[in-house]
Protein chains: 2
Amino acid sequence: MNIPLYIQVKQKITQELMSGNWRAGDLIPSEIELAQSYQVSQGTVRKAIDELSIEKILIRRQGKGTYVTTHNEEQIQLRFLRLTSSKGNKEKLESQLLSFEKTRVNSYVANRLNLRPGSSVYKIKRVLTFARKPLILDEIYISTIPFKGLNAEMINQKKGSLYRLYESNYGIQMLNADEKIKAVSAEAEVSKLLNIKKGHPILGIERVSYTYGNKPIEWRLGLCLTDEYHYQTELE
Amino acid sequence: MNIPLYIQVKQKITQELMSGNWRAGDLIPSEIELAQSYQVSQGTVRKAIDELSIEKILIRRQGKGTYVTTHNEEQIQLRFLRLTSSKGNKEKLESQLLSFEKTRVNSYVANRLNLRPGSSVYKIKRVLTFARKPLILDEIYISTIPFKGLNAEMINQKKGSLYRLYESNYGIQMLNADEKIKAVSAEAEVSKLLNIKKGHPILGIERVSYTYGNKPIEWRLGLCLTDEYHYQTELE
DNA sequence: GAGTGGTCTAGACCACGGC
DNA sequence: CCGTGGTCTAGACCACTCA
């Protein structure tokens, strides 16, 4: 095998995470302990953990130890939300569930999630509100298989953060996501829900989110009103 | 001083780049040479270069050496362009200059570029075309001071890549950028140039680009037709 | 074969957090 | 005070590039 040792260590650590031995928020063994158990030097473990913490899969805390990233901490909860107020306000986000149903997935979403067309999914519709103004209309699909028993009540309990729900109730962590953005016109139903005129320009954000091993878990389409907000990114 | 050694090495390397001693595309001294000249170990130089190459300021090439990132290489030229065809086509980009003028900057753009309101800037308008269809209408502002003597002919010569022009003719490298995205309606003038109906929804992408030391150099507003294309990002 | 970056080790010391 | 991650060193060997 010509795979570098630190890559192998990375894979071993990832296996512990995928298998559920180490769970979100857990403190993992120290670098020295890992070095002993994998029979490599501390520097090699360090390099593996370095990369995993760049990928935001692990978090180091000097003096304390290395932890598995979690969506349950306040600061990290809105990690995937790129919408910010153009005036710099920091308003509280609220979520209102519109509908929750079990249905069959269409072929487009099935492709994105590596599911068979027509297989069983949960479909979630909701409105996200900032400062009491409706801003985002979400339509979300997840396979019923890993989320067995999910219901509307559970979603309402977690008020807003689906990713916290996935993690705490099903042990599924969202690690990264792809987004595709278009400008579209608000249709009749959308314009009513977002309280705008029909035909008003809005952002259509299509997102696929992935867990360990780049396995796609969730597809969503977010329709966002960007009159007073904007989508923000950094390019390198 | 409590600044880690490798950060100090990073700063020294950055100074070489800012001062113009090492220019875009140059091969910089080897890790061993740098370690000797800075009186630190090779490992420390390595860590400094590691970070600079993550920031895409330097590029390592095994067996050859470490190079200063350049916009002149084909693959890296469209680094900041996030617009891709929804159908997966890879069409050639062409640029058509609409206007080039020297004018006074308004206060909004002045703030973004750390200029005094009313100071002298070049204003560039152009249309970017993919597969012979107009897709992006750009309006670009840069201070006249670092770009003394710039004219329309120089822009036409470089066909498309302004960043290549900045780098090769003025030694100014764009390292990173912030973008703010909104959905807007096409106004009369815009709709004519992009060959769409008035009021059609388009993306408004506002970008500020930075050089060494996070110094803002260029402000631009890109109006993008996203009927057959989309803006793509990855979230971590 | 010489020179470059890439991996790996062993060991020292520092800075931080918490008992 | 101890254990953690963070920095730094010195030296070995590997993998790649090019003359």
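All figures in this text were calculated on a predicted structure; none of them were measured in a lab. Worth knowing before you read on, the calculation uses all heavy atoms, side chains too, and leaves out hydrogens, waters and symmetry mates.
Note: CG (B/L5) to C1' (C/dA12) measures 15 Å, nearest angstrom. Atom OH of B/Y6 is separated from atom C1' of C/dC14 by 13 Å (rounded to the nearest Å). For B/R60 and D/dA15, the CZ to P distance is 18 Å, given to the nearest whole Å. If you measure from atom CZ of A/R61 to atom C1' of D/dG6, you get 16 Å, rounded to the nearest angstrom. One atom, OH of A/Y38, and another, C1' of C/dC8, lie 18 Å apart when rounded to the nearest Å. Rounded to a whole Å, the OH atom of A/Y67 is 11 Å from the P atom of C/dG17. Atom-to-atom, NZ of B/K47 to P of C/dC14 comes out at 18 Å; the value is rounded to the nearest Å. B/L34 places its CG atom 17 Å from the P atom of C/dG3, with the value rounded to the nearest Å.
The shortest side-chain heavy-atom distance between B/L113 and B/S143 does not fall under the 4.5 Å cut-off. Residues A/Y108 and A/E206 have side chains in contact (heavy-atom distance under 4.5 Å, counting atoms from C-beta outward).
For the pair B/R60 and B/Y67, the cation does not sit on the ring face, since its NZ or CZ is not both under 6.0 Å from the ring centre and inside 45° of the axis.
DNA chain C is contacted by both A/Q62 and A/P4; A/P4 maps to the nucleotide lying nearer its 5′ end (nearest heavy atom per residue). The nearest heavy atom of DNA chain C to B/E31 and to A/G63 marks one nucleotide each, and the one closer to the 5' end goes with B/E31.
Considering only the side chain of A/K64, C/dG18 comes nearest among D/dA15, C/dT4, C/dG18. When distances are taken from the side chain of A/R46 to each of D/dG5, C/dA10, C/dG18, the shortest belongs to D/dG5. Between C/dA15, D/dT9, C/dT9, one nucleotide has an atom nearer to the side chain of B/T44 than all others, and that is D/dT9.
Residue B/T66 has a polar side-chain atom (N or O) positioned under 4.0 Å from OP1 or OP2 of C/dG5. Contact annotation: B/S30 side-chain N/O to C/dT4 OP1/OP2 distance is under 4.0 Å.
For the residue pair B/Y231/B/E179, the side-chain donor-acceptor check at 3.5 Å is satisfied.
B/E167 places a side-chain N or O within 3.5 Å of a backbone atom of B/H71 that can act as its donor or acceptor partner.
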